[in-house]
Every structure is written in C-alpha cells, then in structure tokens.
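Shown next, in structure tokens, is the structure this report addresses.
When a ligand or atom number is given, it counts from 1 through the structure's own listing order. Worth saying up front: this structure is predicted, and the values here are computed from it rather than measured.
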Amino acid sequence: MSSLLPGALAFAGTILYAKYGALSSTFLPSRVVPVKTVDGKKHVIFVLGGPGAGKGTVCSRLCPSGDGDGDGDCRKGRGGLTVRSTHAFFSAGDLLRAERKRDSPCARVINDAISSGSFVPASITLGLIKSAFEGSGAGVFLLDGFPRNEDNVGAWEEGVGGGVVVDLVLFLECPEETMLGRIMDRGRTSGRNDDTLEVARKRFENFRRETMPIVNKYEKEGKVVRVRSDRPVDRVYDEVEEIVVKNMERVILA
Ligand code: UP5
Ligand code: MG
C-alpha cells in the first residue's frame with residue numbers, strides 16, 4: 001500500500017499543476033513527488049528515427065497523456081504501463097513548436113530552423129527538455145527526436161551528464177521512400193510548414209548526415225535497439241511496448 005503513495009502524490013501534484021498552471025517553476029517541483037528508481041536517478045530512452053519513421057505515433061500511444069496539463073506524464077497506458085506517472089513522454093519537436101508560438105526571444109531562431117529543415121541550436125532545445133523533465137515526477141522519460149547531432153550530444157553530456165541515465169536508444173528503422181510518403185500524406189492536414197517536399201528532402205539529408213552518426217555512436221556503446229517501423233502500427237507498437245516495459249521493470253521500484 002505504502003508503495004503506491006509516491007505515485008498517488010505525483011498524480012495529485014500534476015492535478016494541482018493542471019489547475020494552477022501559473023505556479024512558478026521553483027514552486028512546482030516541490031509538489032511533484034518523483035517515482036522511485038533503482039538508483040534514485042531519472043532515466044531516459046531516446047527515441048530516434050528519420051522524419052516520418054513513426055516516433056510520435058508509438059510514443060503517444062505508450063503515453064497517451066491527453067490531459068492537456070503539459071507535464072508529459074503518462075497515466076493511461078496499456079499493459080504494463082499503469083496508472084502511476086512512472087514514465088513521461090516529450091517530443092523535442094513538439095517542445096520547439098510550442099516555444100516558437102510564444103513571444104520568446106528564441107521563437108524566430110526556432111522558426112527559421114524548423115521551416116528550413118535544419119537544427120535548432122542545442123542550448124535552446126536542451127533548455128526546453130530540462131524544464132520539461134524538471135516539471136515531471138516520472139522515473140523514465142521517453143524523449144522523441146533528441147539528440148539529432150553531435151552538438152546535441154555534447155550539450156546533453158555537459159548540461160545533464162550522469163544526472164539522467166540514458167538507458168536505451170530506440171531506433172525506428174524505415175525506408176526513406178515510406179517515410180517520405182507518410183510525410184506527404186500528413187502534410188495535407190498537419191499544418192506543419194516542414195511537411196513539404198522541399199523541406200522534407202532537407203530533413204532527410206540532415207538525418208543521414210548528422211543523426212545517423214549519433215545512432216552509430218550509441219550502437220558502439222551497446223545502447224541501440226532497432227525496431228522496423230515500415231509495418232502496421234500495431235505490430236510496431238507491440239514490439240516497442242515490450243522493450244519499454246522491460247526497461248521500466250528494471251528501472252522503476254515497485
Ligand atoms: N505513421 C506512423 N507510423 C506508421 C505506420 N507504422 N504505418 C503507417 N503509417 C504510419 O508519423 C508520421 C506519419 O506517418 C503520421 O501521419 C502517422 O500517422 C504515420 P509520426 O509518428 O508523426 O512520425 P515521426 O517520426 O514523429 O515524424 P516527424 O515528422 O515528427 O519527425 P521529425 O523527426 O522530422 O520531426 P520532429 O518534430 O522531431 O522535428 C521537427 C524539426 O524540429 C526538425 O526538423 C528540426 O528542425 C527541429 N528539431 C531540432 O532542431 N532539434 C531537435 O532535437 C528536435 C527537432
Ligand atoms: Mg514526430
């Protein structure tokens with residue numbers, strides 16, 4: 001019974017956050033009671049793959065937060081992913097798109113990078129990720145679309161380092177023509193100004209040139225788990241869920 005308490009308090013804390021969205025960031029973390037992990041640290045799974053590989057699709061299904069409070073916490077997952085905020089999902093791209101809508105000094109830099117298919121400076125992206133993590137009581141984060149290049153990895157290692165343990169890099173493998181087809185389809189309704197043929201080509205080029213070396217680097221460290229994502233969504237999801245649940249069982253204290 002007592003082991004349920006941290007989860008229950010974390011849940012209450014995020015409800016408070018939803019209700020009093022204006023709570024200052026210094027006040028908020030004291031309300032968020034973290035889920036306990038085996039080593040007392042936060043853990044992360046980097047979810048990588050080309051544009052349109054299906055990163056957002058599987059992560060949001062693992063983590064259908066859907067409660068609009070912006071804390072990324074996942075309380076309605078299936079299977080082993082239960083009602084406590086054991087894990088949270090953040091998409092680096094979504095964090096950047098939200099930030100560019102604000103009247104922030106970074107908005108223009110973010111918009112220029114996204115709309116040209118290049119990468120936002122690492123310090124901006126990492127700042128948003130760190131704030132998102134700090135506002136969550138989850139033990140394991142699924143981080144979609146980061147790190148994208150050497151700069152991102154350097155910023156992560158310097159700014160986060162061993163403070164958050166990188167458990168896995170979940171890499172969604174998909175042929176480029178399939179990804180391009182998906183982006184073009186989605187572009188009809190997504191409203192994303194980077195879902196055009198011209199920008200998509202640039203995104204693929206940057207993915208091959210800058211992101212693949214990162215995947216290869218983590219592969220040499222034995223951290224990469226590959227999942228083929230050119231298959232029906234349910235099959236991709238089932239395989240990903242198994243990997244994530246196994247990792248959670250290893251990391252989260254009951
Ligand atoms: N779909 C998904 N899975 C399917 C399946 N198995 N079968 C059939 N259809 C499937 O999926 C794309 C589309 O395919 C959807 O319509 C879906 O229904 C369908 P989605 O899950 O959205 O794919 P995802 O991999 O998330 O594709 P996305 O386009 O979001 O990937 P990107 O990596 O290009 O975009 P992201 O949002 O991460 O980044 C956008 C930009 O932000 C970058 O180009 C960059 O400018 C900037 N950025 C940074 O600078 N730094 C960062 O760290 C992150 C982003
Ligand atoms: Mg996405």
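The nearest heavy-atom contact from the protein to atom 30 (O) of ligand 1 is Arg192 NH1, 3.0 Å. For atom 34 (O) of ligand 1, the closest non-hydrogen atom of the protein is Arg203 NH2, 2.7 Å. Here the heavy atom of the protein found nearest to atom 42 (O) of ligand 1 is Ile114 CG1, 3.6 Å. At the shortest separation from atom 9 (N) of ligand 1 among protein heavy atoms lies Arg182 NE, 3.5 Å. Ranking the protein heavy atoms by distance from atom 27 (O) of ligand 1 puts Gly52 N, 2.9 Å first. For atom 26 (O) of ligand 1, the nearest non-hydrogen atom of the protein is Gly56 N, 3.0 Å. Annotation: atom 6 (N) of ligand 1 to nearest protein heavy atom, Arg231 O, 2.8 Å. Considering only non-hydrogen protein atoms, atom 11 (O) of ligand 1 sits nearest to Thr57 OG1, 3.6 Å.
Using the six-membered ring where Trp is involved, Phe141 and Phe133 have ring planes that are parallel, under 30° apart on the 30 and 60° scheme.
Here is the list of ligand 1 atoms found below 4.0 Å of a heavy atom in Arg97: 37 (O), 40 (C). Close approach of ligand 1 to Ser229 is summarised as follows: ligand atoms under 4.0 Å from at least one heavy atom of the residue are 6 (N). For ligand 1 and Val233, the ligand atoms under 4.0 Å from any heavy atom of the residue are 4 (C), 5 (C), 6 (N), 7 (N). Within the listing of ligand 1, atoms 53 (O) sit less than 4.0 angstrom from a heavy atom of Phe146. In summary, the atoms of ligand 1 found under 4.0 Å from a heavy atom of Pro51, numbered by their order in the structure, are 31 (O), 32 (P), 34 (O).
Of all the heavy atoms of Thr125, the ones lying under 4.0 Å from any atom of ligand 1 belong exclusively to the side chain. With a heavy-atom cut-off of 4.0 Å, Asp194 touches ligand 1 through its side chain alone. The proximity of Pro147 to ligand 1, defined as any non-hydrogen pair under 4.0 Å, does not occur for either the backbone or the side chain. Looking at Arg148 against ligand 1, only its side chain comes within 4.0 Å, counting heavy atoms. With a 4.0 Å heavy-atom cut-off, ligand 1 is reached by no atom of Ser91. Of all the heavy atoms of Leu172, none lies under 4.0 Å from any atom of ligand 1, so neither backbone nor side chain is involved.
Considering both main-chain and side-chain atoms, Val120 comes within under 3.5 Å of ligand 1 through a nitrogen or oxygen pair. At a 3.5 angstrom cut-off on N or O pairs, Ala53 counts as close to ligand 1. For the pair Gly145 and ligand 1, the shortest N or O to N or O distance falls below 3.5 Å. For the pair Ser118 and ligand 1, the shortest N or O to N or O distance falls below 3.5 Å. Between Leu96 and ligand 1, no pair of N/O atoms sits closer than 3.5 Å. Of the polar atoms of Asp144, none of the N or O atoms is found under 3.5 Å from an N or O of ligand 1, judged by distance alone. Backbone and side-chain nitrogen or oxygen atoms of Arg186 are examined, and one is located within less than 3.5 angstrom of a nitrogen or oxygen of ligand 1.
Both Val47 and Val225 belong to a single network of hydrophobic side chains, linked directly or stepwise wherever heavy atoms of I, L, V, M, F, W or Y lie under 4.5 Å apart. Grouping the Ile, Leu, Val, Met, Phe, Trp and Tyr side chains by contacts below 4.5 angstrom, directly or via other members, places Val38 apart from Val165. A continuous path of Ile, Leu, Val, Met, Phe, Trp and Tyr side chains, each step under 4.5 Å between heavy atoms, connects Val240 with Ile252, placing both in one hydrophobic cluster.
The 12-atom threshold is not exceeded at CZ of Arg108, counting heavy atoms of other residues, nucleotides or ligands nearer than 6.0 Å. Environment of CZ in Arg250: crowded, with over 12 heavy atoms of neighbouring residues, nucleotides or ligands closer than 6.0 Å. Heavy-atom contacts from other residues, nucleotides or ligands closer than 6.0 Å to CD of Glu205 number more than 12.
In terms of modelled atom types and a separation under 3.5 Å, the side chain of Thr37 and the main chain of Gly139 share no donor-acceptor contact. The backbone N or O of Gly162 sits less than 3.5 Å from a side-chain atom of Lys41, completing a donor-acceptor pair. For the pair Lys42 (side chain) and Gly163 (backbone), a donor-acceptor distance under 3.5 Å is absent.
Under a 4.0 angstrom heavy-atom cut-off, Ile183 registers as lying outside contact with ligand 1. Within the structure, the closest approach of Gly50 to ligand 1 falls below 4.0 Å when heavy atoms are considered.
Remark: Arg235 does not engage Glu239 in a salt bridge, criterion side-chain N to carboxylate O under 4.0 Å. Salt bridge present: Asp94 and Arg97 bring a charged side-chain N and a carboxylate O closer than 4.0 Å. With salt bridges taken as basic N to acidic carboxylate O contacts below 4.0 Å, none links Lys246 and Glu249. Remark: Asp234 engages Arg61 in a salt bridge, criterion side-chain N to carboxylate O under 4.0 Å.
Two residues are said to be in side-chain contact when any heavy atoms from C-beta on lie closer than 4.5 Å; Tyr218 and Phe46 meet this criterion.
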